[in-house]
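For reference, the structure is listed below as structure tokens.
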Amino acid sequence: MATTVAGEPLSPEELLPKGDTEKTKEELEKDDEKELDETLSERRWGLTVMFPKRVRAAMWIGNTSFMILVLPVVFETEKMQMEQQQQPQQILLGPNTGLSGGMQGALPSLPGKI
């Protein structure tokens, strides 16, 4: 803890830096706007400079391997789950209900009516 020469602790006001700390809301908004003048390509370039080539290569290899090896398995398991959820509906309603648009042909037509 910071203390004065006499050994007394400093107050919070004395610990804060002196200067132009009183900014208006408009000045703060202008400061925020100045900081956001970075395009997407500039940000991307900054990230490529930040990471060494070996890290970027490892990340590329990891991401492409994930997409080639793992994503197809995830898609197939989702497809199987969807098919398993639809099986009880097909058993109850019949196999052609999805194609015909409903239960139109479920009731026999009455004789004599066209």
In this structure, CD of Gln84 is separated from CE of Met80 (nearest 0.5 Å) by 5.5 Å
Does Met67 have any side-chain contact (heavy atoms from CB on, under 4.5 Å) partners at least two apart in sequence or in another chain, and if so, which?
Thr64, Leu71
Between Glu42 and Thr39, is there a donor-acceptor pair closer than 3.5 Å when you use the side chain of the first and the backbone of the second?
yes
Going by the rule side chain to side chain donor-acceptor pair (under 3.5 Å), which residues pair with Thr77 if we only count those two or more places apart in sequence or in a different chain?
none
Determine, stepwise, if the pair Lys53 / Arg56 fulfils side-chain contact (heavy atoms from CB on, under 4.5 Å).
CA-CA 5 Å; Lys53 261 190 174 183; Arg56 283 184 278 162; 3.3 Å; yes
Can you check whether Leu47 reaches Met50 side chain to side chain, under 4.5 Å on heavy atoms?
yes
Look at the side-chain heavy atoms of Ile, Leu, Val, Met, Phe, Trp and Tyr, link any pair under 4.5 Å apart, and say whether Phe75 and Phe66 land in one connected group.
yes
List the residues meeting side-chain contact (heavy atoms from CB on, under 4.5 Å) with Leu40, not counting sequence neighbours, and say none if there are none.
none
Between Met82 and Lys79, does a side-chain contact (heavy atoms from CB on, under 4.5 Å) hold up when you go through it step by step?
CA-CA 5 Å; Met82 292 285 287; Lys79 183 179 171 184; 5.8 Å; no
Could you give the distance from OG1 (Thr48) to CZ (Arg44), rounded to the nearest 0.5 Å?
8.0 Å
